[in-house]
Amino acid sequence: NILPLDFIEESAGGTLDAAVEAMDYVIRMQRQMNIRVINASWGGPSCSSILENKIAQLAQHNILFVAAAGNLGNNIDLIPYMEFPASYTQPNQITVGSTTPYFTGMASHSNFGAITVDLFAPGEDIFSTVFSDGVGLLTGTSMATPFVSGAAAVLWSIYPDASYQQIKQAIHMGVDEDQTLISQTRGRLNLRKSIEYMQGRALAPMQLSQP
């Protein structure tokens, strides 16, 4: 299930206060709605310790925060002030860069960083919804991020008792390595391999019963 928390207007403007308010709602509703992942396909140059502290607070509720790396083509290890929340490095955070459509390397628009970016996922010409109730092709790290958020959700659906640390580690360990992808893992998302990694851990998968 997807819980839409809309704090950004059609003009693409939003406030940090509204972002924090949305995250507070997640914390309040976490147990009732079994919220595990926040997909943060947004960001900008505004920095706030309040926002970083709120991301850290999510860890107390076993929630992963998956952030878009940004679309300026910058190394955000060197200029972190250009992109937040992507440049934060909280333990429960995964920052996602964008690859080209045919996995030939980093997309030219994508930010990168061996410290701040965790991994990459497809982010060019992604079929998605657009304004006016339509569909079309969109490009950006905001398109790559939901692939990783969805992968985390799939892993948690199989291993509901897993911690955010275990889910994050499985995503890291499951990547297809590509040394041209400048990130912590030097890799691209591979959900199948992440599932196989979890299968090798001492976690019990969800038990399904006959209807």
Side-chain angles (χ1 to χ4, degrees), residues 1-9 14-44 46-69 84-96 116 118-119 121 128-129 141-174 184 189 191-211:
N1 293 327
I2 297 174
L3 173 65
L5 297 176
D6 188 0
F7 70 91
I8 296 178
E9 301 172 354
T15 67
L16 286 173
D17 287 346
V20 170
E21 184 178 353
M23 293 160 69
D24 279 333
Y25 181 83
V26 167
I27 290 171
R28 290 197 304 272
M29 301 300 292
Q30 193 274 334
R31 288 185 179 275
Q32 180 178 337
M33 303 185 73
N34 193 29
I35 301 169
R36 301 296 186 94
V37 186
I38 290 180
N39 183 85
S41 286
W42 50 269
S46 297
C47 174
S48 168
S49 59
I50 295 174
L51 177 61
E52 185 173 18
N53 291 339
K54 188 59 61 176
I55 295 170
Q57 186 181 351
L58 294 170
Q60 301 171 22
H61 302 271
N62 202 32
I63 296 172
L64 266 179
F65 184 86
V66 186
F84 294 98
S87 294
Y88 298 137
T89 55
Q90 291 298 316
N92 63 319
Q93 178 174 333
I94 299 176
T95 297
V96 184
T116 49
D118 290 78
L119 76 164
S128 184
T129 55
T141 57
S142 288
M143 298 296 104
T145 304
F147 283 104
V148 177
S149 299
V154 170
L155 290 168
W156 253 312
S157 73
I158 301 171
Y159 298 95
D161 295 328
S163 66
Y164 75 80
Q165 295 98 327
Q166 290 167 321
I167 298 296
K168 181 176 179 177
Q169 184 178 35
I171 289 172
H172 275 210
M173 298 299 293
Q184 290 183 35
L189 176 71
L191 176 57
R192 178 183 59 81
K193 288 169 64 175
S194 292
I195 292 173
E196 291 173 351
Y197 177 83
M198 291 290 279
Q199 288 172 343
R201 306 297 97 185
L203 285 173
M206 176 178 286
Q207 298 298 312
L208 300 179
S209 58
Q210 293 292 331

Exercise. Looking at residues at least two apart in the chain, or sitting in another chain, which of them share a side-chain hydrogen bond (donor to acceptor under 3.5 Å, both in side chains) with T145?
Worked result: none

Seminar exercise, completed: Note: L64 and A152 closest approach over all heavy atoms is CD1-CB, 4.1 Å

Problem set entry | Donor-acceptor contact below 3.5 Å, side chain N62 vs main chain S163 | no

Exercise. How far apart are the closest heavy atoms of S87 and T116, and which atoms are they?
Worked result: O-CG2, 3.7 Å

Problem set entry | Residues in ring pair (Phe, Tyr, Trp, His ring centres under 6.0 Å) contact with W42, at least two apart in sequence or another chain | F7

Exercise. Okay, side chain of T95, backbone of A69: is any donor-acceptor separation there less than 3.5 Å?
Worked result: no

Problem set entry | N92 side chain near I63 side chain, heavy-atom distance below 4.5 Å | no

Problem set entry | side-chain hydrogen bond (donor to acceptor under 3.5 Å, both in side chains) involving Q30 - partner list, sequence neighbours excluded | none

Exercise. What distance do I171 atom CD1 and I195 atom CD1 have between them, rounded to the nearest 0.5 Å?
Worked result: 10.5 Å

Problem set entry | Under the side-chain contact (heavy atoms from CB on, under 4.5 Å) test, residues paired with A121 that sit two or more places apart | V96, A144, F147, V148, L189

Problem set entry | Residue list, side-chain contact (heavy atoms from CB on, under 4.5 Å) with A162, at least two apart or on another chain | W156, Y159, Q166, I167, M198, L203

For this session: Heavy atoms only: give me the nearest T141-A68 pair and the separation to one decimal.
Result: OG1-CB, 3.5 Å

For this session: Compare all side-chain heavy atoms of L51 with those of L16 and state whether any distance is below 4.5 angstrom.
Result: yes

For this session: Can you sort out the partners of D24 under salt bridge (Lys or Arg N to Asp or Glu O under 4.0 Å), two or more places apart, ordered by chain and number?
Result: K54

Problem set entry | Rounded distance (nearest 0.5 Å) linking atom CD of Q60 with atom OH of Y164 | 9.5 Å

Exercise. Who passes side-chain contact (heavy atoms from CB on, under 4.5 Å) against E21, sequence neighbours left out?
Worked result: none

Problem set entry | Inter-residue atom distance M23.CE - N53.CG, 0.5 Å rounding | 10.0 Å

Exercise. Any salt bridge (Lys or Arg N to Asp or Glu O under 4.0 Å) pairs touching residues 33-44, not counting sequence neighbours?
Worked result: none

For this session: Nearest 0.5 Å please: distance from the CD atom of Q90 over to the CD1 atom of I55.
Result: 6.5 Å

Seminar exercise, completed: Across all chains, not counting sequence neighbours, the side-chain hydrogen bond (donor to acceptor under 3.5 Å, both in side chains) partners of N39 are S41, S149

Exercise. Does any N or O in the side chain of D118 come within less than 3.5 Å of the main-chain N or O of H172, such that one atom is a donor and the other an acceptor?
Worked result: no

Problem set entry | With sequence neighbours excluded, residues passing salt bridge (Lys or Arg N to Asp or Glu O under 4.0 Å) with E196 | R192

For this session: Go through the structure and list residues passing ring pair (Phe, Tyr, Trp, His ring centres under 6.0 Å) with Y88, not counting sequence neighbours.
Result: F84

Problem set entry | Spatial distance of atom CG (L3) from atom CD1 (I38) [nearest 0.5 Å] | 9.5 Å

Problem set entry | Worked check of side-chain contact (heavy atoms from CB on, under 4.5 Å) between L191 and L155 | CA-CA 8 Å; L191 176 57; L155 290 168; 4.2 Å; yes

Exercise. If every non-hydrogen atom of G43 is compared with every non-hydrogen atom of P85, which pair is closest and at what distance?
Worked result: CA-CD, 4.0 Å

Problem set entry | Counterpart residues, side-chain hydrogen bond (donor to acceptor under 3.5 Å, both in side chains), relative to K168 (two or more places apart) | none

For this session: Could you tell me the separation between the CD atom of Q57 and the CZ atom of F65, rounded to the nearest 0.5 Å?
Result: 13.0 Å

